[in-house]
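All values reported here derive from a predicted model rather than from experimental measurement.
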Amino acid sequence: MTHAPSAPGRGSAPARGHSPVSGPPAGPVRRTPADRLLLAAGRPHLWRTLALFATATGAALAALALPAALGRTLDLLLAGGVADEAEAGRWLACCAALTAVSVALDAADTVLTGTLTSRTTARLRTRLAGHLLAMGPHRAGRFSHGDLVTRCTGNAAHAGTAPGSVASALAALVTPVGALAALAVLDLRLAAVFVAGTPLLVLLLRAFSRSSTDCVTRYQEAQAQLAGRLVEALTGARTIAAGGLREREQARVLEPLARLSAHGHRMWHVQGRATAQAAVLVPLLQVAVVAVGGLLLSQGALSVGGLVAAARYAVLAAGVGTLVGQLNALVRGRTAARRLAEVLEVPAMATGHRAAPEHAAGGAPGRLELRGVRASYAGEPVLHGVDLEVPGGATVAVVGRSGAGKSLLAAVAGRLAEPDAGQVLLDGTDLAELDPAALRQVVGFAFERPVLFGSTVGDALAAGIPAGCEGREARVRAAARAACADGFVRTLPHGYDTPCAQAPLSGGEIQRLGLARALAQDSRVLVLDDATSSLDTVTEWKVTQALADAGGPGGARTRLVVAHRASTAARADLTAWLDGGRIRALAPHRQLWEQPGYRSLFGSGSDDD
């Protein structure tokens, strides 16, 4: 993969269907979302930022004092008197002290910059990760995985340098301003010569800042496309190998490489052009100042030491290289922060603070109601006014054609996705009003392709059980038996203590572990999103029986099952037929089977009904 030049930063591109955040508007200065993000991230470390500014400013002042001290020392040495030589020694000691102070402050500057950057980066990454989880999987799905990884790593790291860059940039202004003032103190004519060329320096820096911002943004966009395609290819590596698609996928993944290279070369061109222009302009200003200083020396208006100091101050006043470096860092940080702000601008799902609701007396707990639910996926409306009631303790299978919105309905029912309109009630309480922790204790999920989190298989199965809960291990093993997973888990090298990364598991076994994890939570409602698709018929029947067993770990709970098999729907108490974004019918499977349109959902209908 092509690497970026050292000056501009690396990052990633806007996700599919998500336009970049525009730059600051013309007119009155207004903080952009990126600016507000950087302020919020840097505020807890304000003292470090101020300390960094102080050390950088101190180093600049020491650098400004050194030419004057050297010039004074030279004049005293040239005078040749005994008293002059003694005073010259004191001034020479002053020069050494200024050098030592400058070195010490530079070292402190390095330490403060590193700690400030690392802490700000950590804060940005923590906030971004927390917001991504709060958004929910459906809203986060508008960004590709590769894009999100790039934003959370490279972009966050570059944005984390912004507070330090601001402090250093402000301190860097002290050097040219102070040097110009020192020239004026030596002789106003020296300062006038330098000021005459200052507008050209300002125009150079302004043009560089604008061009560099555009280059960095476009480079990051191309780099994110490349990263996103690489992640997709790695995810489907087996399919690519099995289908003989290596060359085609390689070409697809590397297609953005040409644009990446072009934008990278453009960044080098912009930086090289600015450096070349500065290389011409800055020496001309320095030569002009020295030439005027030489004339003043010949007229007796300036000493030899004063000429040496003036030459050094001309170099410091024209320190474009330092300012260009600080501008580069600011451009990288602000551009990266703009990309983080794009993610943070996506609203998180609304949450409440209520505890789990009490179920109505005399009825089974877990009554789930969807009232007028409308929901969209990727901006397209999918569910249109869905009304569905799942009785407490009952099993309702959701069936429909591919793309009918079954998984979206399941996500909305368990509040993994937020409906555009309507309500989802559990025992009469809107799920949006529940505290997130309370919500996950009463609503559990099992998926078609679960992911195991935890150091060992046992830890993964206990992920949904509060730490310190009595009988935790017993609940895990009972849930594993109900999901027909206990047998193969015991055959693993270390049983339930086998590290997940070392457990040789098939797709069906991973799916059963996902079911066991959901059963171990002992939630009031269990949503199964095609969670038995990889199980054979016998195993599925055993799991279904365990779910229906009032005395087992899956019993006495409401079950909403996304089904693709007729046999799964047949074992449910009721079947919700989803068609055209609405519930077309809610009835027992056997009753619906009499309708040809319903039978066509299961192909030839050869599956056991």
Side-chain angles (χ1 to χ4, degrees), residues 364 366-377 380-414 417 419-425 445-448 511 515 525-548 554 557-609:
R367 180 169 54 90
L368 189 66
E369 298 176 81
L370 280 71
R371 297 179 179 176
V373 168
R374 290 191 290 107
S376 304
Y377 182 76
E380 295 295 326
V382 178
L383 303 179
H384 309 278
V386 170
D387 292 301
L388 175 64
E389 180 175 344
V390 182
T395 299
V396 173
V398 180
V399 302
R401 297 190 182 280
S402 179
K406 301 184 294 298
S407 290
L408 181 58
L409 187 148
V412 169
D420 301 330
Q423 288 181 300
V424 181
L425 307 177
F445 271 89
F447 303 100
E448 178 184 7
Q511 196 169 77
L515 278 165
V525 175
L526 182 59
V527 181
L528 306 178
D529 186 0
D530 205 20
T532 60
S533 60
S534 297
L535 307 185
D536 59 80
T537 304
V538 174
T539 302
E540 183 190 13
W541 180 84
K542 291 180 179 180
V543 171
T544 305
Q545 288 297 108
L547 288 172
R557 70 177 80 192
T558 304
R559 298 161 294 274
L560 186 67
V561 183
V562 174
H564 292 85
R565 296 175 178 176
S567 57
T568 305
R571 296 188 187 103
D573 299 311
L574 294 170
T575 299
W577 182 0
L578 188 62
D579 185 27
R582 293 180 173 84
I583 300 298
R584 179 170 173 177
L586 178 64
H589 168 77
R590 188 171 298 279
Q591 180 179 332
L592 294 175
W593 191 258
E594 298 175 0
Q595 302 183 39
Y598 180 79
R599 291 197 302 271
S600 68
L601 298 176
F602 305 100
S604 63
S606 60
D607 192 7
D608 180 20
D609 62 350

With a 3.5 Å distance limit and no angle check, can you tell me whether K406 reaches the backbone of G400 through a side-chain donor-acceptor pair? yes
To the nearest 0.5 Å, what is the distance between CG on D530 and CZ on R565? 8.5 Å
Might you point out which heavy atoms bring S376 and P381 nearest each other, and give the distance in Å? OG-CA, 3.6 Å
Nearest atoms (heavy-atom pairs only) where G372 meets D387: N-OD1, 2.7 Å
Contact check, side chains of S600 and R401, non-hydrogen atoms, under 4.5 Å: yes
Atom CG in L370, atom CG in L383: separation rounded to 0.5 Å? 8.5 Å
Working to the nearest 0.5 Å, report the span between OG1 of T575 and CG of L592. 6.0 Å
Does the pair L528 and F445 meet the rule for a side chain to side chain contact (heavy atoms under 4.5 Å, CB included), with working shown? CA-CA 6 Å; L528 306 178; F445 271 89; over 6 Å; no
Evaluate side chain to side chain contact (heavy atoms under 4.5 Å, CB included) for W577 paired with Q595, printing each intermediate quantity in order. CA-CA 11 Å; W577 182 0; Q595 302 183 39; 3.3 Å; yes
If we check side chain to side chain contact (heavy atoms under 4.5 Å, CB included) with V561, which of these qualifies: T568, V527, V399, V396? T568
Compare every heavy atom of A375 with every heavy atom of L408, then report the nearest pair and how far apart it is. CD2-CB, 3.9 Å
Please determine whether side chain to side chain contact (heavy atoms under 4.5 Å, CB included) holds for the pair L560 and V398, giving the CA-CA distance in whole Å, both sets of side-chain angles, and the decisive distance to 0.1 Å. CA-CA 7 Å; L560 186 67; V398 180; 3.7 Å; yes
Is it the case that the side chain of Q511 and the backbone of E448 share a donor-acceptor pair, with hydrogens and angles ignored and the cut-off at 3.5 Å? yes
What heavy-atom pair brings G580 and H384 nearest, and what distance separates the two atoms? O-CD2, 3.4 Å
Any donor and acceptor pair, going by atom type alone, linking the side chain of T558 with main-chain N or O of G393 inside 3.5 Å? yes
Exercise: identify the closest heavy-atom pair between A563 and A569: CB-N, 4.3 Å
D529 side chain to V562 main-chain N or O, any donor-acceptor pair under 3.5 Å? no
At what distance, to the nearest 0.5 angstrom, does CG of L574 lie from CD of Q591? 9.5 Å
Contacts of D579 that satisfy salt bridge (Lys or Arg N to Asp or Glu O under 4.0 Å) - sequence neighbours left out: R584
Sequence neighbours excluded, the answer for salt bridge (Lys or Arg N to Asp or Glu O under 4.0 Å) partners of R371 is E369
Compare every heavy atom of W593 with every heavy atom of F602, then report the nearest pair and how far apart it is. CD1-CZ3, 3.7 Å
Which residues pass the salt bridge (Lys or Arg N to Asp or Glu O under 4.0 Å) test with R374, sequence neighbours left out? none
For V386 and L409, run side chain to side chain contact (heavy atoms under 4.5 Å, CB included): C-alpha distance rounded to whole Å, both residues' side-chain angles, the deciding distance at 0.1 Å, then the answer. CA-CA 9 Å; V386 170; L409 187 148; 4.0 Å; yes
